[in-house]
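Predicted, not measured: the structure shown is a model, and the values here were computed from it. Proteins get letters first, then strands, A, B, ... in listed order; numbering begins at 1 in each.
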Amino acid sequence: MIAAVVVDVPSGSVNKTFDYKVPPGLENWAEPGMRVIVPFGPRKLQGFILAVKQSSSVKGIKNITEILDPLPVLTPELIDLGQWLAENTLSFYITAYQAMLPAAMKATYEKFFTVLRPEMLSSEVSVLFSASGELSLNEVTKNHVHLLKKLQELTKTGVLDVVYKVKDKANKKKVKFVSLGNKTEAEELLNQNGKRAEKQKAVISELLSRPPGEYSLQEILHETGASLSSVQSLCKKGAVYIEEKEVYRDPYQGRNIKQTEPLPLTENQQNAITPVLDSIENNEHQTILVHGVTGSGKTEIYLQSIQSVLDKGKEAIVLVPEISLTPQMVNRFKGRFGSSVAVLHSALSIGEKYDEWRKILRKEVSVVVGARSAVFAPFENLGIVIIDEEHESSYKQEDHPRYHARDVAIWRGKYHSCPIVLGSATPALETYARAQKGRYQLAELSSRVHSNPMPEVTIVDMRDELKKGNRSMFSNELMEKLKAGIEKGEQSVLFLNRRGYASFILCRDCGYVAQCPHCDISLTYHKRYGELKCHYCGYKEITPSACPSCSSEHIRFFGTGTQKVEEELAKVLPEARVIRMDVDTTSKKGSHEKLLTSFGEGEADILLGTQMIAKGLDFPKVTLVGVLAADTMLHLPDFRASEKTFQLLTQVSGRAGRHELEGKVIVQGYDVEHYSIQLASQHDYLSFYNHEMKTRKLHQYPPFYYLGLLTFSHLELMQVVEASEKAASFLSKRLSPDSLLLGPVTSPIARVKDRYRYQVMIKYKNEPELRNWFEEIIAHFQKDKSIKDLQITGELNAQTLM
DNA sequence: AGCACGCCGACT
DNA sequence: GTCGGCGTGCTC
């Protein structure tokens, strides 16, 4: 039996399968979708079996070294999907498959020296080899570099050998359990007089007091105050048994989640859910856009659709944006479907993600709630995929494979003949356009549940405030409303739009702005560490006290951060209790949740934060939402700037007045006449859509054209210019007359990590060969020996131009 | 990617 | 003469 294996080398020249013999003992075991270890040249590598067959045209094939999984980790569907994914994102197959699995399953490699002829070793070398008789190369280069040459020599002469080890990052968590053992032994011990072995007695009586069974060792130790050694001696005597068992880490352990029942649907909701239920009932693939205003009860529609899928014995995937994967959101799903829900998001540790994922593989759960990568959940009976806030940019992965979760979901929906539900109050233009064209079904939810009114929005032009002599960052109206809220015991949310408005350092005398020496971007000031940091390459430096350019001391932090707003707020509203949420206050695990819980329990009057508080929050006492800088994003060199502004304002406004109390929103900015701000304040998606579509059509942007993007980067400017010009001329000869070629031009971020970046853009409607041309270009420069170290990435459907 | 093989300059 | 620099090509 022969296995076709893709190996763990992300490189063009090995982006194919290699044939290996399945050793006779493993023939009944090997299956497509399993991870294996195979010899590859002198090394050993992890790989995936993609297919098994009876013969191979390659001669001299080697054996598979080891099979890593008892069951395939990639289903046949995922094997197909991975191929499609790699080809459509111009990624390597191995990269696509690895993206589908939890990081814990990726291999790590280590090289070791082992001793073949110990008698030939000098004592200096011999002492390095521990009892196991091996020594990692890593250890040598770290601590004994001077011996490296000697070791290599010894390898040549056959005294030492080199072995390559493949390890899994996966750690299965083991917990020790104790149970009562030999009863007479135990009783004898208890009957002993005196103070001897007091702790051991305590352990025995604790176990006797409980119903027979196994108990976590940790728990018993905690209850009795005994130490591990006492239990170990009990074990030696045979009075107790200690057993190690594999357990799942449970990130939601000890949490009491109230079970909920399906709510009666409003007429609106009933209309919206009907096409979804029909699609489920008829086993027919449909993509359904549920366009519902904030607070219109989309989640209840999701929950009841899932219920109907589960009733048919099928499984469900729910995608939510990373940032809104809050406990509040998770609880709604756990509350309805209990322990049949697995949760996958980035705040979990590698081990926790691995455990949640294994619950899916072992069919112990039938619902997954997770961020982008959860779209690859290895269900085999998929009945629905729901993408909440489908317009969110976090559904697009920005490194390889550059996939969009929406596209993957639709692929899977076709495969399983099941519905894909896209939910949003502000659908991506592409999505709404498709719904209008009839490629997706459109379900509108135009009013909030219980007919709560949409919050009233007031726009404040900060230029007018300035004219009135108000130089603070809060308008008079916002101040009044904040004060009134505190007096009434209601809560407020203050949202600071920081995108495109990074806090940088500026010299007021000479205009110097601190820049990253490796990237064309200003450094961001982090007050907490007193340092300046580059968001692109991680470069850090100490904040200067004098201007490096003119030595002036008038160099100061510029731009508004949440910290600054908090300080300002303390000055003007000292009585307000404020909770600040931003990357600084939520970096510790669980702190995100803690802050939200205490806000929910009324421990603060104002929740102040960035992007992360814009979505999904649902607090009944929030009646006021203030947006501090609504227009900052509009000036970004991004054709989606208006769309993003509209979406964000709509999302934030939706946090107000979701329950009995009426909501009020105050939007502050300088460029407030802009249609995206005006129309968001009127809750008028359709007008925004029509307006924005005209703009996109005029400028030939999506959804009227797809964006193909080729990005070149190199340490030398000349090289990128030359290469991108060559590529542009190659493409211009081939593109259809309906397509547009733009560039080459410098990328919006012209330099990252010392590398210059140039790009060629293609706007096209139908260009079936574009993928191949991109591949040709990439292959051409890879072969070209006159240009070294040129990096090229190609994207067929770019979401942003950065 | 990483490793070996192999062909040229710098040194004992 | 040998050591080691990195350019080239291969991995079932």
How many Å lie between [atom1] on [X] and [atom2] on [N], as a whole number?
| X | N | atom1 | atom2 | value |
| --- | --- | --- | --- | --- |
| Ile64(A) | dC12(C) | CD1 | P | 13 Å |
| Lys111(A) | dC3(B) | NZ | C1' | 8 Å |
| Leu45(A) | dC3(B) | CG | P | 10 Å |
| Gln782(A) | dG9(C) | CD | C1' | 13 Å |
| Asp789(A) | dC6(C) | CG | P | 14 Å |
| Lys62(A) | dT11(C) | NZ | P | 9 Å |
| Gln152(A) | dC5(B) | CD | P | 14 Å |
| Tyr109(A) | dC3(B) | OH | P | 12 Å |

(message) Does either side chain, that of Tyr109(A) or that of Asp8(A), offer a donor lying less than 3.5 Å from an acceptor on the other one?
(response)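 Side-chain D/A pair, Tyr109(A) to Asp8(A): present.
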
(message) Under 4.0 Å, counting only non-hydrogen atoms across every strand here, what does Tyr164(A) touch: a base, just sugar-phosphate, or nothing?
(response) sugar-phosphate

(message) Could you tell me if Lys16(A) sits above the aromatic ring of Phe18(A), with its cationic atom closer than 6.0 Å to the ring centre and no more than 45 degrees from the axis?
(response)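 So Lys16(A) does make the cation-pi contact.
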
(message) Nearest 0.5 angstrom please: Gln515(A) CD to Arg751(A) CZ, how far?
(response) 8.5 Å

(message) What's the separation between atom OG in Ser346(A) and atom NZ in Lys353(A), rounded to the nearest 0.5 Å?
(response) 6.0 Å

(request) Give the ring-plane orientation class for Phe781(A) versus Phe712(A), where under 30° counts as parallel, over 60° as perpendicular and anything between as tilted. (result)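 Perpendicular.
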
(message) At a heavy-atom distance below 4.0 Å, what parts of residues 3-38 of chain A sit against DNA chain B?
(response) Val9(A), Pro10(A), Ser11(A), Ser13(A)

(message) Counting only heavy atoms not in Tyr706(A) (residues, nucleotides, ligands), do more than 12 fall under 6.0 Å from its OH?
(response) no

